Undergrad: 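Quick one: the structure is below, questions incoming.
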Amino acid sequence: MVDRIFQRFSEKSGLPPGTIVHLGEKQVSPPEFRVVQYSEHVFEERKAAVVDDLPDLPISDTITWVHLKGVHEPERIEQLGRKYDIHALVLEDIANTGHRPKFDDTDESIFLVLKTLTYDEESDEVIPKHLCILFTTHMVFTFQESGPDAFTGVEDRLRTGKGRIRRKGADYLTYALVDATVDNYFVILEKIGERIEQLEDDITSNTTSDSMSEIHALRREMTVIRKSIWPLREVLGRLEKDESPLIHDNTRKYFRDIYDHIIQAIDIVETFRDMLASLHDIYLSGISNRMNEIMKLLTVIATIFIPLTFIAGVYGMNFKYMPELEWQWGYFAVLAIMLLLGIALGVYFKRNKMI
Amino acid sequence: MVDRIFQRFSEKSGLPPGTIVHLGEKQVSPPEFRVVQYSEHVFEERKAAVVDDLPDLPISDTITWVHLKGVHEPERIEQLGRKYDIHALVLEDIANTGHRPKFDDTDESIFLVLKTLTYDEESDEVIPKHLCILFTTHMVFTFQESGPDAFTGVEDRLRTGKGRIRRKGADYLTYALVDATVDNYFVILEKIGERIEQLEDDITSNTTSDSMSEIHALRREMTVIRKSIWPLREVLGRLEKDESPLIHDNTRKYFRDIYDHIIQAIDIVETFRDMLASLHDIYLSGISNRMNEIMKLLTVIATIFIPLTFIAGVYGMNFKYMPELEWQWGYFAVLAIMLLLGIALGVYFKRNKMI
Amino acid sequence: MVDRIFQRFSEKSGLPPGTIVHLGEKQVSPPEFRVVQYSEHVFEERKAAVVDDLPDLPISDTITWVHLKGVHEPERIEQLGRKYDIHALVLEDIANTGHRPKFDDTDESIFLVLKTLTYDEESDEVIPKHLCILFTTHMVFTFQESGPDAFTGVEDRLRTGKGRIRRKGADYLTYALVDATVDNYFVILEKIGERIEQLEDDITSNTTSDSMSEIHALRREMTVIRKSIWPLREVLGRLEKDESPLIHDNTRKYFRDIYDHIIQAIDIVETFRDMLASLHDIYLSGISNRMNEIMKLLTVIATIFIPLTFIAGVYGMNFKYMPELEWQWGYFAVLAIMLLLGIALGVYFKRNKMI
Amino acid sequence: MVDRIFQRFSEKSGLPPGTIVHLGEKQVSPPEFRVVQYSEHVFEERKAAVVDDLPDLPISDTITWVHLKGVHEPERIEQLGRKYDIHALVLEDIANTGHRPKFDDTDESIFLVLKTLTYDEESDEVIPKHLCILFTTHMVFTFQESGPDAFTGVEDRLRTGKGRIRRKGADYLTYALVDATVDNYFVILEKIGERIEQLEDDITSNTTSDSMSEIHALRREMTVIRKSIWPLREVLGRLEKDESPLIHDNTRKYFRDIYDHIIQAIDIVETFRDMLASLHDIYLSGISNRMNEIMKLLTVIATIFIPLTFIAGVYGMNFKYMPELEWQWGYFAVLAIMLLLGIALGVYFKRNKMI
Amino acid sequence: MVDRIFQRFSEKSGLPPGTIVHLGEKQVSPPEFRVVQYSEHVFEERKAAVVDDLPDLPISDTITWVHLKGVHEPERIEQLGRKYDIHALVLEDIANTGHRPKFDDTDESIFLVLKTLTYDEESDEVIPKHLCILFTTHMVFTFQESGPDAFTGVEDRLRTGKGRIRRKGADYLTYALVDATVDNYFVILEKIGERIEQLEDDITSNTTSDSMSEIHALRREMTVIRKSIWPLREVLGRLEKDESPLIHDNTRKYFRDIYDHIIQAIDIVETFRDMLASLHDIYLSGISNRMNEIMKLLTVIATIFIPLTFIAGVYGMNFKYMPELEWQWGYFAVLAIMLLLGIALGVYFKRNKMI
């Protein structure tokens, strides 16, 4: 849990600022670049292993999209920074996979930090991955921590030229990338929603202590999701209102649309949290009802038999002179009295709704 | 529950933005258009099955109101969009029945997303339905997800020409439509209010575990209602303050009036939530009081009889030499001692308010 | 409770906006007008049964104050509206007794909705009553739902000409009326304060389940009061800052003063709520302490006697060969052992602070 | 408690606004004036019983500080108001000892309402006292409700001429007075801090029900302190930012300093509240642990002896034909079985960590 | 705990403002100055015991950094203040080790109060230490309360000339110092994170009461950390937005970077608090589950044996005429009945999931 929430920072402490250090889980596979260049009528795509293979600054009527999967090799990020003249602090943020979503408008470029969410079916955990987008007039850089490629949909659309995406600029590509990321949140939320629904059914039918750990697991997931989604409200709000010439006026409307989606996602997150709190209440009251039933049973049985046992005890005494013991029907009289007393107590409990 | 709160989004993930996909419950009946055209002295009303039957852009002194019931056929919405030149993102929001209330002022039109609430008498559930209103100078479009017609009252007033509605513009019609929607919230809230009152009576008279599930059911309804009403505060606040020429200055005052009503509705929602929380407390303290009564009874009976049974046990021992057993009045003395001890304990408990 | 918080709205749903419908408790006595006209040296006062008896627009150096007690006859309010040219939406708000406090500045008049609070000694309930004030340069209209006259103090001061009230304008009269209303809040709060103090004494001396219902009753009263007072903060804040020429600059300072009083009242309300929450805690911990005491007693008695009874049981067994039974002092030895064991257990419990 | 939080307002209800009524505890000793007049080289100090003995408006190079101890004689305050031309509303606030801290800048003077806190060692209660400061260019008025003199330190500094206080104006004197008041808060908070520390020790060592009442007492004190300190944040914030010419630019920095101190005091208050909440939790979990221990003991003893007693009961039955009873070693065999069973159960409980 | 949160203020109360009093823990070792002077090509470093040994105002192309470790000798701070003309209020804040983080921009200098956090491995406590930074164009003063040197990393970088630090001004040095402090927070948070993780493992495996005190200890640490970090949000926000010429435009971006880090740290703090609250819930539900298990066991054993013991008691009665006692197989029949009854009850409990 702690791992998913923050990274090991101690490695970095004491280094001069602007030092690019990979903060996050170590990865084995080497980072790899993918370069997409397109204009309305052109589409070209290739992979690159080293920074030198990347295109120089692009000619003005094509958009170049450089995607780096894996941010765990600082020197590679540094080379990239030097090649395209990216500020050291931006590079630092790219390598710091624990960085919180942010928006930064340096006049020549706009820099976004987001989180993609993936759902690990095995451990039933939501895993946030670091994602950075940096764009200028004709270039878009994306940096993805690891995991399955987040942008295959966008790439396909670029390749086939469907929709207006090839006719628009770098800002629209950025929009499409952010939109794909945000759309994915709803898929994750839907999965969580199904688990909550399942849990609701479980708890109303019978309460096992598994429900408790599922409630806590879901709450933990909501904490992870919330940490990834909440800050986006501000990030996208600022993106939409930003007056940078890098964002065209008619793209702005699209960013407004994503903003609406984020608000919707936050709404769902908050509702889920409410529902979990409510399920927790129901669970607790179920547990306490069951316990109360058990205690009532104990009370009733004990309370009925304690006086009866006492009577039996009395006639078990060995006094020489106990007239009742001599009576012919003494035994049966006592049995009858016990029976009547038992029934009387039973009726009393019934009347007072204790059984 | 989850169904009422958010829609299945996964179908949409990966599609290019601006793709119109119906998100929401599938419907069987085909969508149907209703067209109302009126000016101060004219009123005309007809149904239309396809988009081609809809009027072209209206002549300037009549108001045209197009109402579409059923948003589950994307192609129909798309045709409409093409005919009246509506932005793709607006069409997307119309088809997305899970969209949260919003206000959008594109210079040529104003677009509102609202929720109508209907009360399902069978399941005692409040069901929010998607409602969109789009208006320009002479046209008003309304899109209703499904369910009973939300606007019969407004239509009647248009037909009979009662009040000032026929003399005013598209903004006033919009106002009348929103007002009808908001008025309906109070009807729903009144129903919930009656249930809360009933519950209050039930809980104070006797606490059954049904009360608990009713509390939870009502809380769930409040969550649903709250999600529909809360965002309207902002929507109507922005509508009132919007400087669009589409809204006449003397209509603005009417929107202010609806804003007041929404605040009143939110107030009631919050008060109901407080009352439910308070009823939950009363319920819990009722349960715990009952349990305490039972435990006290157990304690008292056990505590009185345990020493008595012990005494009986002592004189049930089979020692050869037990002088008391030989005494003439031993038995009666012991009985008397037991009685006195029992009474003494009873008095002690009474004094200490344990009974 | 629900009645005191919101009105039956369903009657109104579906009617055209601006329709004046009395929303609230039905009243029997007919509404009655009272007209007061005064200037620095003149004071005239009379009752009027119908709108036609009311003065026409007043001559410029007298202030005319029209007070209507009872807002349950829509036609009367409508006639008044027509006579003095009051906007339909204002009239609607006047008749809607459930309307929340509000401030409205139409350029020619200022309209306030407030709540007067009355304390019903019989049911120990605080009952909010609807109160509207509308003023222009020379006229003040007040509309009171029902109940005892809220403004006798102000009327007396006008009649006797005490203080500066006769020398000032309609805004100052309005101030005096609002001030009287707000002053009355403190009287109500004082009553509640006394009940809280009484409750505090009760709870610390002994905890009965009556305390619980008193806590809940007081919380309910606080909810009612809060709903009436809270919105006034905004209403008076806007009144003070309003730049309408209807409010003279040196009256503004007086409105600031009422604003301070409202903040003070809200402070007291919040403190009372805190105190009730705290009393609830004390009550609960009192209950649980008592229960714990009882459980401890059970434990101690049961735990001491259970082993003793077991010993008695052992020597009650009927084995042929039980050597102890034959011993001369066997019985007394066992009694002594039991006594010692009982004392030992008692000391153990004492040491461990269980008794 | 209620007394310390709000005053009896009913006496005032219905009186014309601006009527000076003493709201608060009645005092016996008559109010007394103290007049201090000083410039850089002059210092004069005297007492005055009546308003006529007070100096007229001062000559321009001396500062005159008039201190009134006791605000329970309205006529005296009224005379003062008339003599120095103070607004009626200000006088009303001075006499209302329940008034909440406020800041008021009428152009000719600045008016502050504060609270001094005194710690009543006997009842261990913090008692807030009303304190008003009104200053113009050359005059400072202070009004203290009662209790020990709050400003002896400042007076001493004026008398001895230590520091820069005699060289500065009325605004600096005001600063020194407010600073003395705020410094005193820390003394009170320190006392509370010591009690919290003591309580912490008590609770961790052993939990008595006294701890509970101490927690509640401390919470009550925190409520009282909070009500006095919180509003000062705004008061001092506005004082610092106020653009009145009455405050010199280099005094502003000093007010900023007090503002920092108030924030620090609020911080401590909030931390104390957190600590008390946390101690409450620890206390409750301590109580419940103890109770659990007791219940476990009951369970263990009862559960071990109940089967044993049953066995004894079986061999206490009087059946004619019970073969075991005839056996030579029957008794010892049963004793051995009982012992073994008891040990077995004990081991079982130990293993399951129930003992 | 209280000690770590606020200092003893009473010593100061009553003293004139601007008096420099050391508020905080007493220290034994004498304060010591360290002076570093550098420009791009020069680096000089020395210690100084007294203020007179410090350099006079520096020549314009070197940066002078004066570091004072130990603020417990007021006269030394006063001498420093006199030498470099530092405002008395700033000196007061330097000596007050309990001062809350603040930002102050007097036109000639910028003054920051921060907290360094150190982790005491022995007591597992986070100890906040007071740290002040004051800088002008060419001078930086740092004042550290005590503890290990917080700035060795920065000093090393200055000495070796690595990075751009020697080429930049006093503002960049300040940035490097603040950055080192903030970086250190993450080291502390990581330590806390490890303890939370450990605790999580402990609680899910088995619940001991140690977990409870660890939860409370961690909460206390979070309170301490939060108090140190939270106010930095505002401090750094203002630092970044400050328009002082002392901060170069390209240093501003670096301060923005620290601001991001602080937000990230606050995020982690809040998440840790959430996690602790959640662990508390899990702990409580674990405890209550265990207790419930124990109570159930008691109930089951008691409920099974109570009727059996009653039967044994019945046949232990000494009535003359009890036919069953005479029966040949009476004893075995009763034993069989008891066995059957016991099994029946056991099955009943099993079915109802009570065992």
Side-chain angles (χ1 to χ4, degrees), chain B residues 152-153 157 162-165 175-176 179-180 183-184 186-187 189-190 193-194 196-197 200 204 253-254 256-258 260 263-264 267-268 271-272 274-275 278 281-282 285 288-289 292 295-296 298-300 302-303 306-307 309-310 312-323 352-354, chain C residues 1-3 5-6 8-10 12-19 87 89 92-93 98-100 102 104 106 206 209 212-213 216 219-220 223 227 231 280 284 287 290-291 294-295 297-298 301-302 305-306 308-309 311-313 315-318 322 324-331 334-335 338:
Chain B
T152 41
R157 260 187 289 145
K162 255 200 336 209
R164 78 214 82 182
I165 193 164
Y175 154 67
D179 189 57
D183 266 10
N184 190 49
F186 289 97
V187 180
L189 285 173
E190 201 174 316
E194 277 159 17
I196 291 177
E197 216 160 30
E200 208 169 12
T204 45
K253 183 182 298 176
Y254 289 94
R256 170 85 207 168
D257 194 55
I258 307 184
D260 280 357
I263 300 287
Q264 200 173 349
D267 255 31
I268 294 171
T271 310
F272 281 1
D274 275 11
M275 285 169 78
S278 172
D281 276 8
I282 297 177
S285 89
S288 119
N289 272 349
N292 283 356
M295 293 309 292
K296 272 200 242 173
L298 170 61
T299 307
V300 165
T303 314
I306 282 174
T309 304
F310 166 68
V314 164
Y315 292 107
M317 294 194 296
N318 297 319
F319 284 98
K320 267 248 163 81
Y321 185 64
M322 288 174 67
N352 286 272
K353 294 197 184 150
M354 287 180 185
Chain C
M1 173 67 182
V2 170
D3 276 7
I5 280 171
F6 85 124
R8 305 288 158 204
F9 294 91
S10 46
K12 200 182 170 184
S13 177
L15 290 177
T19 313
H87 195 285
L89 287 174
E92 205 186 334
D93 289 348
H99 207 291
R100 144 182 229 284
K102 76 174 242 186
D104 204 1
T106 62
N206 72 328
S209 64
M212 193 64 195
S213 56
H216 280 296
R219 279 193 163 169
R220 224 158 34 215
T223 304
K227 261 183 68 74
H280 192 192
L284 287 181
I287 287 284
R290 275 258 301 281
M291 199 59 215
I294 291 173
M295 293 308 291
L297 185 74
L298 170 62
I301 293 207
F305 281 101
I306 282 174
L308 301 188
T309 304
I311 293 174
Y315 292 106
M317 293 194 297
N318 298 319
M322 287 173 69
E324 298 95 322
L325 297 182
E326 313 296 323
W327 299 348
Q328 175 80 16
W329 300 106
Y331 173 55
V334 163
L335 279 192
M338 284 173 171

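Below, chain A is the first sequence line, B the second, and so on; all start at residue 1. All figures in this text were calculated on a predicted structure; none of them were measured in a lab.
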Undergrad: Could you tell me whether the side chain of Met275(B) reaches within less than 4.5 Å of the side chain of Thr223(C), counting heavy atoms only?
TA: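 The answer is no; the side chains never approach within 4.5 Å.
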Undergrad: Got a second to check how far Leu89(C)'s CG is from Ile258(B)'s CD1, nearest 0.5 Å?
TA: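 Rounded to the nearest 0.5 Å, the CG-CD1 separation comes to 10.0 Å.
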Undergrad: Between Ala302(B), Ser288(B), Pro307(B), Ala312(B), which residue shows the highest count of heavy-atom pairs closer than 4.5 Å to chain C?
TA: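 Option with the top pair count is Pro307(B).
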Undergrad: Can you tell me if Asn318(B) uses its side chain to pair, donor with acceptor, with the backbone of Met317(C) under 3.5 Å?
TA: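 Confirmed, Asn318(B) side chain pairs with Met317(C) backbone.
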Undergrad: Would Arg100(C) and Asp260(B) pass as an ion pair if we require N to O under 4.0 Å?
TA: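 Salt bridge absent between Arg100(C) and Asp260(B).
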Undergrad: Where do Ser278(B) and Arg220(C) land on the side-chain contact (heavy atoms from CB on, under 4.5 Å) test, with the steps shown first?
TA: CA-CA 9 Å; Ser278(B) 172; Arg220(C) 224 158 34 215; over 6 Å; no
Undergrad: When you look at His87(C) and Lys253(B), which way does the side-chain contact (heavy atoms from CB on, under 4.5 Å) test go after all the steps?
TA: CA-CA 10 Å; His87(C) 195 285; Lys253(B) 183 182 298 176; 3.3 Å; yes
Undergrad: Mind listing the closest non-hydrogen atom pair of Phe319(B) and Val334(C) along with its distance?
TA: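 Minimum heavy-atom separation between Phe319(B) and Val334(C): CZ-CG2, 3.3 Å.
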Undergrad: Roughly how far, to the nearest 0.5 Å, is the OG atom of Ser285(B) from the CD1 atom of Ile287(C)?
TA: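 Between atom CD1 of Ile287(C) and atom OG of Ser285(B) there are 8.5 Å.
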Undergrad: Under a 4.5 Å heavy-atom cut-off, does chain C meet the side chain of Ile263(B), its backbone, both or neither?
TA: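 Both backbone and side chain.
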Undergrad: Answer whether the closest heavy-atom distance between the side chains of Val314(B) and Thr309(C) falls below 4.5 Å.
TA: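 A side-chain contact is absent here, since even the closest heavy-atom pair is not under 4.5 Å.
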Undergrad: Between Gln264(B) and Gly98(C) (side chain of the first, backbone of the second, donor and acceptor by atom type, cut-off under 3.5 Å), is there such a pair?
TA: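 Indeed, once roles are kept as given, a pair shorter than 3.5 Å links the two residues.
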Undergrad: Decide side-chain contact (heavy atoms from CB on, under 4.5 Å) for Asp274(B) and Arg219(C); before the verdict, give the C-alpha distance in whole Å, the side-chain angles of both, and the deciding distance to 0.1 Å.
TA: CA-CA 10 Å; Asp274(B) 275 11; Arg219(C) 279 193 163 169; over 6 Å; no
Undergrad: Closest heavy-atom contact between Ile306(B) and Ile301(C)?
TA: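 For Ile306(B) versus Ile301(C), the nearest heavy atoms are CG2-O, 4.3 Å.
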Undergrad: Applying side-chain contact (heavy atoms from CB on, under 4.5 Å), run through Phe310(B) and Met338(C) and close with a yes or a no.
TA: CA-CA 11 Å; Phe310(B) 166 68; Met338(C) 284 173 171; 3.6 Å; yes
Undergrad: Could you tell me how the ring of Tyr321(B) sits relative to the ring of Trp329(C): parallel (under 30°), tilted (30 to 60°) or perpendicular (over 60°)?
TA: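 Tyr321(B) and Trp329(C): perpendicular rings.
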